[in-house]
Amino acid sequence: MGIIGVPAGWPADEEAALAVQRELRERLVLDEEGPAAGEGHVTGLDVAYDDGRDLVAAAAVVLDAATLEVVEEATAVGRVSFPYVPGLLAFREVPTVLAALASLTADPGLLVCDGYGVAHPRGFGLASHLGVLTGRPSIGVAKNPFTFSHDEPGPERGDFAPLLDGGEEVGRALRTRRGVKPVFVSAGHRISLAGACAHTLALAPRYRVPETTRRADALCRRALAEALAAERS
DNA sequence: GCGACAG
DNA sequence: ATCTTGTCGC
């Protein structure tokens, strides 16, 4: 497997990225309930970076939603395609993540992304972006509240408080473990917010972060370490 | 104008 | 995201 280059025509600056984001946003579908939690497949996606060498490694891990056992894993290594700009995260991760997804044999089912979906300055975060490009249902589970505000959710697993963008509920601060900081869930594409939260809880029976993200996180770090070792030889 | 800001 | 040791607790 070689290193994925930056795609031809990829946005070169923020202005171009904003234009692409605006176009793709029109294809976002938010009136579907989405797949039921605990059924079919769920795929965790994550990336790791080496800014010095301009490398990004992506992982896609397909789990059986009922047992949380690994069905299939895939990785891809690419060149960093965009700087980190809050609100434009997708342009940094998408090419390599898509390459990892494309090499899967199994049906990915629901895409579970590290970051936000519709809870985003322009309603089109990473999870929505990947959902639209693949046509698949997707959700975003972030570890930080980004620019949104929320009240403290109750202390029990399953307790939540709305994530607010002005007065609108764009996501939820959801507690997956008693007494532990919540995660921040939003719908990405072709799923409801309630469905996104149900999936998140089903995927996090024991740890704060969903099993999908934990698996994908470990795998992309491994892939990055291997790519770095290979590039030196 | 200044600071904050998913990963 | 990433740079980083030990340490408190289940």
Side-chain angles (χ1 to χ4, degrees), chain A residues 11 14 17-18 21 24-25 28 44-61 75-98 100-101 111-132 138-150 155 157 162-166 169-174 176-189 193 196-197 200 205-210 212-225 227-228:
Chain A
E14 297 189 24
L18 288 168
Q21 198 170 68
L24 292 176
R25 171 80 179 74
L28 189 59
L45 304 170
D46 196 16
V47 304
Y49 300 98
D50 184 293
D51 287 317
R53 285 202 165 67
D54 244 39
L55 286 178
V56 50
V61 181
T75 62
V77 177
R79 235 75 226 198
V80 170
S81 53
F82 210 81
Y84 172 65
V85 178
L88 295 176
L89 174 64
F91 294 91
R92 191 165 163 76
E93 312 200 336
V94 156
T96 314
V97 169
L98 287 183
L101 272 173
L111 269 28
V112 181
C113 308
D114 236 19
Y116 280 101
V118 298
H120 177 274
R122 291 165 299 279
F124 201 70
L126 174 66
S128 298
H129 200 125
L130 284 169
V132 164
S138 65
I139 69 174
V141 181
K143 296 180 282 300
N144 296 294
F146 200 12
T147 61
F148 306 103
S149 61
H150 64 89
R157 167 177 157 84
L163 252 197
L164 298 154
D165 184 6
E169 180 183 38
V170 293
R172 287 175 182 168
L174 175 66
T176 52
R177 286 199 66 180
R178 174 177 195 165
V180 168
K181 175 182 171 174
V183 293
F184 305 90
V185 182
S186 53
H189 181 57
L193 174 57
C197 289
T200 301
R206 163 146 197 210
Y207 297 100
R208 175 170 92 111
V209 176
T212 36
T213 6
R214 300 186 70 244
R215 295 311 247 271
D217 179 73
L219 183 57
C220 69
R221 289 186 198 228
R222 223 181 305 153
L224 179 62
L228 289 172

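A, B, ... follow the sequence lines: proteins, then strands. Residue 1 opens every chain.
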Remember a base hit wins even if backbone is also touched, and classify [X] as base, sugar-phosphate or nothing at under 4.0 Å, heavy atoms.
X	value
Gly140(A)	nothing
Asp51(A)	nothing
Ala119(A)	nothing
Tyr49(A)	sugar-phosphate
Leu163(A)	nothing

At what distance, to the nearest 0.5 angstrom, does OG1 of Thr176(A) lie from CG of Leu174(A)?
->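 Between atom OG1 of Thr176(A) and atom CG of Leu174(A) there are 6.5 Å.
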Output the distance between atom CG (Leu88(A)) and atom CG (Leu18(A)), rounded to the nearest 0.5 Å.
->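 Here the rounded value is 5.0 Å.
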Between atom [atom1] in [X] and atom [atom2] in [N], what is the gap in whole Å?
X	N	atom1	atom2	answer
Arg206(A)	dC10(C)	CZ	P	14 Å
Asp217(A)	dA6(B)	CG	P	17 Å
Tyr84(A)	dA6(B)	OH	P	4 Å
Asp50(A)	dG7(B)	CG	P	19 Å
Asp54(A)	dT2(C)	CG	P	15 Å
Tyr116(A)	dA4(B)	OH	C1'	14 Å
Leu88(A)	dA6(B)	CG	C1'	11 Å
Phe148(A)	dG7(B)	CZ	P	12 Å

Side-chain N,O (Lys143(A)) to OP1/OP2 (dG7(B)) below 4.0 Å =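 Yes, Lys143(A) has a side-chain N/O under 4.0 Å of OP1/OP2 on dG7(B).
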Checking Arg208(A) side chain against Pro182(A) main chain: does a donor-acceptor pair fall under 3.5 Å?
->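 Checking the backbone N and O of Pro182(A) against the side chain of Arg208(A), a donor-acceptor pair under 3.5 Å is found.
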Nearest-nucleotide pick for [X], side chain only, options being [options]:
X	options	value
Phe146(A)	dC5(B), dT2(C), dG7(B)	dC5(B)
Thr147(A)	dG7(B), dA6(B), dC5(B)	dC5(B)
Arg221(A)	dA1(C), dG7(B), dC5(B)	dA1(C)
Asn144(A)	dC5(B), dA6(B), dA1(C)	dA6(B)

Parallel, tilted or perpendicular: which fits the ring planes of Phe91(A) and Phe82(A), with parallel below 30° and perpendicular above 60°?
->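 Phe91(A) and Phe82(A): tilted rings.
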Salt-bridge contact Asp114(A)-Lys143(A) (side-chain N to carboxylate O under 4.0 Å) |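 A salt bridge links Asp114(A) with Lys143(A).
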